[in-house]
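Following: one structure in structure tokens, then a few remarks.
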Amino acid sequence: MHTPTQTPTNSPTLLAAELRLPTNWLDYTLLGIYFVVVLGIGFAARRSVKTSLDFFLSGRSLPAWVTGLAFISANLAATEILGMAANSAQYGAYTVHWYWIGAIPAMVFLGLVMMPFYYGSKVRSVPEFLLLRFDKGAHLLSSILFAFAAILIAGVNLYALAIVVEALLGWPQWVAIVVAGFFVLAYITLGGLSSAIYNEVLQFFVILAALIPITVLSLKKVGGWDGLSDKLTQTHGDDFVTAWGGTGIGEANPLGANWLTIVLGLGFVLSFGYWTTNFAEVQRALSAKNLSAAQRTPLIAAFPKIFIVFLVMIPGLAAAALIPGFGTEESGYQYNDAIPYLMEGLLPNGVLGIAVTGLLAAFMAGMAANVSSFNTVFTTDIWAKYVVTDREDGYYVRFGRLITAIGVLASIGTAFLASSFSNIMSYLQTLFSFFNVPMFVVFIVGMFWKRASMKSGFWGLLAGTTAAMVNYFVFYKQDIISIPSDQGANFVSAIAGFVAGGVVMVAVSLFTAPKPTEELQGLVYGTRSPGMAEPPAPGDEAWYRKPALLGWGAIVLAAACYIPFSF
């Protein structure tokens, strides 16, 4: 079986020089219209910002369909589009795991199980929940780790934006960074989270308008699904076009992972760690108008998530079929070139402008999600709790706008850390294994075990983060243990971080005092708070507004999608 050669991880993530797009005035007109609308939404949202709750959580007033689309759009960043297309070109149909087992179950769990605790406790951020459940140590450490991770991930989006725009349009990298950073800074500073969310709803449809033509035309170019499958089977082996082929323990496959590490590392630890604790996503649900809408936010997002995999996977597979050795030095292309390569070769002017606008919208959605969550955590969880306390509400709104500008500048500074990864999705999964997975184990133990002590949160978070980093930088990078790929190493790091965090939490809890029972109401499973017992809003009795039905429907549909890829 042929396994694609990986581009060395110390090579810069630059797109191929021949990918320059033949854009004209029509394409730039469409791009200009988009930027005008983006700023218009920012100015319109500014009128609704009167308090810090308005600025950071949209006053908890948004309907479920808006927060649901914003939830999926915040995730559907350009790093997702370019990264998952790169994943498909490198690893094949195994990409479906990141969606059907690596997203849907965790999104359903967030909606059905965790949102009542988040929303019912009236916290403004994910780290603030740890303050209520554990102590200031866990809260401060999680706030610092999240703020740091948010800036790193926003930097990935900026860096990817710069290299794509330089290759496709000929703009210097610094121009692309400054332009995109300015527009994100402008509309978040003006309208706060409401501006970011309504722009993400717009960006969701713009992104689809960009991806659908690329997917349809690339599939047509390779002779439909049968032609694509036949070509890839000849060049990459049978396992390249199946979801589970070659994943037995001890077997070799393009992904470099077996079914156990896929199910536990990706399907449980990485997936649940990202979707249930990543505040860039959870913040959208916390802005919903009531508990029912908050629960339905990730569930509404789960349905388009099931099918978006085809819009990013098929272009990656098509690129691998059209260019022999795609992703290797001999081919002249990196895995990240898959989407730009197809744009350059398949799209006419006008459609090309929509595709470029869609890519820029995706970059801005991902960056805005992380910047808006960063300004909330830094302002409410670090600055207002530990630095400048007990000031008037208007002060924190002004500081939130200031820290937004600082966050954008910091994102520019971290953008080039992504340059050592040929596959930017590998870089993101590495960050998630370091930061989100340890936070998830602290949440899951604290939320389901009353005996978990106040001190266990801090030490579990520290141990989990340390273990994940040691596995990646020491055991994997120093070749102490043999793991075939970066993604396989990320799965193992996630498992190591989860186990270490859980073991340390249990050990510390056995020797330190638990939190008083009366302080755990609404924070631990089996207890309730007044906010969790609210009556359903008028109309919430309809079946499509029942979270349990939506959740199980999404899981069943995702499971059914596996069937054609399992043989």
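For the single chain, residues carry numbers from 1 onward in sequence order. None of the values given here were measured: they were computed from a predicted structure.
In this view, W225 and F565 satisfy the ring pair (Phe, Tyr, Trp, His ring centres under 6.0 Å) rule, not counting sequence neighbours. Applying the ring pair (Phe, Tyr, Trp, His ring centres under 6.0 Å) test to Y274 and every residue at least two apart in sequence or in another chain returns F432. Evaluation of the ring pair (Phe, Tyr, Trp, His ring centres under 6.0 Å) rule for F109 yields F272 as partners, not counting sequence neighbours. F303 meets the ring pair (Phe, Tyr, Trp, His ring centres under 6.0 Å) test with no other residue; sequence neighbours excluded. Residues that satisfy the salt bridge (charged side-chain N to carboxylate O under 4.0 Å, His left out) test with K305, not counting sequence neighbours, are E80. Residues satisfying the side chain to side chain donor-acceptor pair (under 3.5 Å) test with N375, not counting sequence neighbours, are T404. Shown here are the side chain to side chain contact (heavy atoms under 4.5 Å, CB included) partners of A301, two or more places apart in sequence or in another chain: F71, I72, M107. With sequence neighbours left out, A74 forms a side chain to side chain contact (heavy atoms under 4.5 Å, CB included) with E200, E281, R284, A369.
S88 and T95 form a side-chain donor-acceptor contact under 3.5 Å, judged by distance and modelled atom types alone. In this model, no donor atom of one side chain and acceptor atom of the other lie less than 3.5 Å apart for S433 and N490. Under 3.5 Å, the side chains of Y34 and Q203 contain a donor-acceptor pair of N or O atoms.
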Show your reasoning for whether side-chain contact (heavy atoms from CB on, under 4.5 Å) applies to I403 and I406.
CA-CA 5 Å; I403 203 64; I406 295 174; 3.9 Å; yes
M313/N87 under side-chain contact (heavy atoms from CB on, under 4.5 Å): CA gap, chis, key distance, verdict:
CA-CA 8 Å; M313 180 180 72; N87 246 23; over 6 Å; no
side-chain contact (heavy atoms from CB on, under 4.5 Å) between I104 and Y99, intermediate numbers included:
CA-CA 6 Å; I104 304 304; Y99 291 78; 5.8 Å; no
List, one per line, each side-chain donor-acceptor pair under 3.5 Å for residues 41-48, sequence neighbours excluded.
residue	atom	partner	partner atom	Å
S48	OG	A45	O	2.8

Considering only distance and modelled atom types, tabulate donor-acceptor pairs under 3.5 Å from the side chains of residues 183-195, sequence neighbours left out.
residue	atom	partner	partner atom	Å
T189	OG1	L185	O	2.6
S194	OG	S58	OG	2.9
S195	OG	Y187	O	2.8

Pairs under 3.5 angstrom only: tabulate donor-acceptor contacts from the side chains of residues 204-216 to other protein residues two or more places apart or in another chain.
residue	atom	partner	partner atom	Å
T215	OG1	L211	O	2.9
T215	OG1	L311	O	3.3

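Taking OG of S373 as the start and CD1 of I151 as the end, the distance is 8.5 Å to the nearest 0.5 Å. The CG atom of L152 lies 11.0 Å from the CZ atom of F374; values are rounded to the nearest 0.5 Å. In this structure, the separation between OG1 on T277 and CG on N436 is 4.5 Å, given to the nearest 0.5 Å. The CG atom of L110 sits 6.5 Å away from atom OG1 of T276, with the distance rounded to the nearest 0.5 Å. Separation of atoms OG1 (T261) and CG (L266) is listed at 9.0 Å; rounding is to 0.5 Å. Here the CD1-CE distance, from I339 to M84, works out to 12.5 Å after rounding to the nearest 0.5 Å.
Put simply, the side chain of I314 reaches to within 4.5 Å of the side chain of S218, judged on heavy atoms. By the 4.5 Å heavy-atom criterion applied to side chains, V241 and L317 are not counted as neighbours. Between V356 and M343, some side-chain heavy-atom pair lies under the 4.5 Å cut-off. Using a 4.5 Å heavy-atom threshold, the side chains of T376 and F55 count as separate. Here the side chains of P298 and V108 are not in contact, with every heavy-atom distance at 4.5 Å or above. T233 has its side chain within reach of S229: a pair of non-hydrogen atoms, C-beta onward, lies under 4.5 Å apart. F279 places a side-chain heavy atom less than 4.5 Å from the side chain of F146. Proximity of F307 to F310: side-chain heavy atoms (C-beta onward) are separated by under 4.5 Å at one or more points.
Nearest heavy atoms, L342 versus P315: CD1-O, 3.3 Å. A70 and I197 make their closest contact through CB-CG2, 3.6 Å (heavy atoms, listed as atom of the first residue, atom of the second, distance). Across L346 and L217, no two heavy atoms sit closer than the pair O-CD1, 3.6 Å. The shortest heavy-atom contact between Q295 and G111 is NE2-O, 3.0 Å. Between S271 and G267, the shortest heavy-atom distance links the atoms CB-O, 3.6 Å. Contact record, A89 with F240: O-CZ, 3.6 Å, taken as the closest heavy-atom pair.
Side-chain N or O atoms of Y94 include one that pairs as donor or acceptor with a backbone N or O of G245 at under 3.5 Å. At distances below 3.5 Å, not a single donor-acceptor pair connects side-chain atoms of T297 with backbone N or O atoms of A285. Put simply, the side chain of H97 gets close to the backbone of A243: a donor and an acceptor are under 3.5 Å apart. Side chain of D337 to main chain of Q334: a donor-acceptor pair is present (N/O by atom type, distance under 3.5 Å, no hydrogens or angles).
Listed by first and then second residue, the side chain to side chain donor-acceptor pair (under 3.5 Å) pairs that reach into residues 347-368 are D27-N349, sequence neighbours excluded.
Each of W259, W100, Y562 was evaluated against W244; a single residue qualifies, Y562, per the ring pair (Phe, Tyr, Trp, His ring centres under 6.0 Å) test.
Counting non-hydrogen atoms of neighbouring residues, nucleotides and ligands closer than 6.0 angstrom, the NZ atom of K231 exceeds 12 such neighbours.
Ring orientation note: the planes of W98 and F491 are tilted relative to one another, at an angle of 30° to 60°. The aromatic rings of F326 and Y341 sit tilted, their planes meeting at an angle between 30° and 60°.
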